[in-house]
Amino acid sequence: MRSKQRVADHGEVFTPPELVEAMIDLVGSELGRSDSRFLEPACGSGNFLGPVLQRKLGTIDARYSRSDFERRHHALLALMSIYGIELLADNIAECRTNLLEIFAVHLAVEDGDEWHLAAHQVLSVNIVHGDALTMTTAGHRPVPISFAEWSYLGRGRYHRRDFRLDTMTQLSTTGEDTLFAGMQNQDMFTPTRDHGSLTVDDIARGDDT
Ligand SMILES: C[S@@+](CC[C@H](N)C(=O)[O-])C[C@H]1O[C@@H](n2cnc3c(N)ncnc32)[C@H](O)[C@@H]1O
């Protein structure tokens, strides 16, 4: 806990590391894939997202030990597959910093390196300062939260498409007795933006934002 007031106002109670490890053990097989996606809708400073990233990076090292090129690109893909939403500004900043530190230490890259810059850009997109209940961003003019679907095309290129969270959430509740029963999957899976094919350098320079 940071303060009793924050607990009362925002339910801010952090999960202890041993409990986090026991919980992510339950989805252990997913942590072996660099592209398996994780969303923490009340991510705090990243108590879950950090260990998820650590485990993914560990398995990538073993799998791509013979190619540093692929090892680095899959490490960035692992970061791209981690998503968070958090209401409080200090927590969101801390969460991004913590995840960037894990990535940077793992790849031995420093501030100014293009991999460091690319990771910074990815985190500014994937770790959203917003309200998971209203599914809108924080600030004076809230807008619907969008998440980027990143995929690795191979040979150093990624593809990014953006989707609205509220639309994706509707899809998961689509059933015969819901408001969305009449909607077609293709309507819901239409990206709000397709950024096309991107290199690490494009992402680092913010060419896709
Ligand atoms: C119980 S804490 C959990 C933090 C972290 N997941 C952990 O386990 O250590 C809940 C977090 O959700 C945030 N939060 C509260 N209401 C929220 C909302 N509507 N949308 C997004 N985050 C919210 C709080 O600021 C707090 O950081």
Side-chain angles (χ1 to χ4, degrees), residues 1-59 75 77-106 119-150 162-173 178-180 188 192 209:
M1 291 190 321
R2 293 192 207 269
S3 74
K4 286 185 180 171
Q5 194 60 50
R6 285 171 65 120
V7 176
D9 291 346
H10 305 293
E12 187 194 60
V13 180
F14 298 113
T15 309
E18 59 278 12
L19 192 52
V20 169
E21 293 297 332
M23 287 174 72
I24 65 176
D25 278 347
L26 298 172
V27 290
S29 59
E30 292 298 318
L31 299 165
R33 292 198 293 123
S34 41
D35 61 351
S36 56
R37 298 190 176 99
F38 287 79
L39 165 64
E40 231 281 47
C43 65
S45 53
N47 281 356
F48 278 91
L49 298 181
V52 165
L53 179 60
Q54 291 273 26
R55 294 239 202 142
K56 278 175 161 252
L57 293 173
T59 60
L77 184 63
L79 189 71
M80 288 168 162
S81 72
I82 286 174
Y83 302 89
I85 305 172
E86 168 59 44
L87 199 56
L88 301 180
D90 56 350
N91 284 347
I92 206 83
E94 210 175 303
C95 184
R96 288 176 180 151
T97 301
N98 290 341
L99 293 173
L100 185 57
E101 172 79 4
I102 291 168
F103 179 84
V105 167
H106 195 83
H120 182 276
Q121 294 285 359
V122 167
L123 287 167
S124 66
V125 173
N126 281 25
I127 307 298
V128 175
H129 184 199
D131 186 328
L133 296 177
T134 59
M135 292 187 250
T136 53
T137 57
H140 294 305
R141 292 192 182 160
V143 295
I145 291 174
S146 279
F147 278 121
E149 174 207 61
W150 304 91
D162 296 349
F163 293 89
R164 277 175 57 155
L165 176 62
D166 54 359
T167 312
M168 291 190 287
T169 310
Q170 286 163 14
L171 179 63
S172 71
T173 58
T178 75
L179 277 176
F180 311 108
M188 294 180 168
T192 53
T209 53

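Since we're looking at a predicted model, the values are computed, not measured. Whatever order the structure lists them in is the order used to number ligands and atoms, beginning at 1. Note that these values count all heavy atoms, side chains included, but never hydrogens, waters or copies made by symmetry.
Note that OG1 of T136 is 5.5 Å distant from CG of D131, once rounded to the nearest 0.5 Å. Taking CG of L87 as the start and SG of C43 as the end, the distance is 10.5 Å to the nearest 0.5 Å.
Close approach of ligand 1 to L133 is summarised as follows: ligand atoms under 4.0 Å from at least one heavy atom of the residue are 19 (N). Residue G11 approaches ligand 1 through these ligand atoms, each under 4.0 Å from one of its heavy atoms: 1 (C), 2 (S), 10 (C). Close contacts between ligand 1 and L88 involve ligand atoms 25 (O) [criterion: under 4.0 Å to a heavy atom]. Counting the atoms of ligand 1 from 1 in the order shown, those under 4.0 Å from a heavy atom of P41 are 21 (C), 22 (N).
At a heavy-atom distance under 4.0 Å, only side-chain atoms of N91, from C-beta outward, approach ligand 1. Of the heavy atoms in D131, both backbone and side-chain atoms come closer than 4.0 Å to ligand 1. At a heavy-atom distance under 4.0 Å, only side-chain atoms of E40, from C-beta outward, approach ligand 1.
Geometrically, ligand 1 and E12 share no nitrogen or oxygen pair separated by less than 3.5 Å. Ligand 1 has no N or O atom lying under 3.5 Å from any N or O atom of F48, backbone or side chain. Ligand 1 has an N or O atom lying under 3.5 Å from an N or O atom of A42, backbone or side chain.
Comparing heavy-atom distances from atom 9 (O) of ligand 1 across I85, I92, I145, T15 singles out T15 as nearest.
Ranking protein heavy atoms by distance to atom 15 (C) of ligand 1, first place goes to H10 O, 3.3 Å. Here the protein heavy atom with the shortest distance to atom 13 (C) of ligand 1 is E86 OE1, 3.2 Å. Atom 17 (C) of ligand 1 has as its closest protein heavy atom L87 CD2, 3.8 Å. Nearest to atom 20 (N) of ligand 1 among the protein's heavy atoms is A132 N, 2.9 Å. Here the heavy atom of the protein found nearest to atom 3 (C) of ligand 1 is V13 O, 3.5 Å.
The closest side-chain heavy-atom distance from F147 to I85 is below 4.5 Å. Put simply, the side chain of P51 reaches to within 4.5 Å of the side chain of E21, judged on heavy atoms.
For R55 and D25, the salt-bridge test passes: some basic side-chain N is under 4.0 Å from an acidic carboxylate O. Under 4.0 Å is where a charged nitrogen must lie from a carboxylate oxygen, and between D90 and R6 at least one such pair does. Taking a cutoff of 4.0 Å between a charged side-chain nitrogen and a carboxylate oxygen, R164 and E149 do not qualify as a salt bridge.
Between A75 and L57, the closest heavy-atom pair is CB-CD2, 3.6 Å. What you find for T59 and L31 is that their closest heavy atoms are OG1-O, 3.4 Å.
For G130, the closest heavy-atom approach to ligand 1 falls below 4.0 Å. Heavy-atom separations between G46 and ligand 1 are all 4.0 Å or longer.
N91 and R96 share no donor-acceptor pair across their side chains, judged by distance under 3.5 Å alone.
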Run the side chain to side chain donor-acceptor pair (under 3.5 Å) check on W150 and D35 step by step: do they pass? CA-CA 9 Å; W150 304 91; D35 61 351; over 6 Å; no

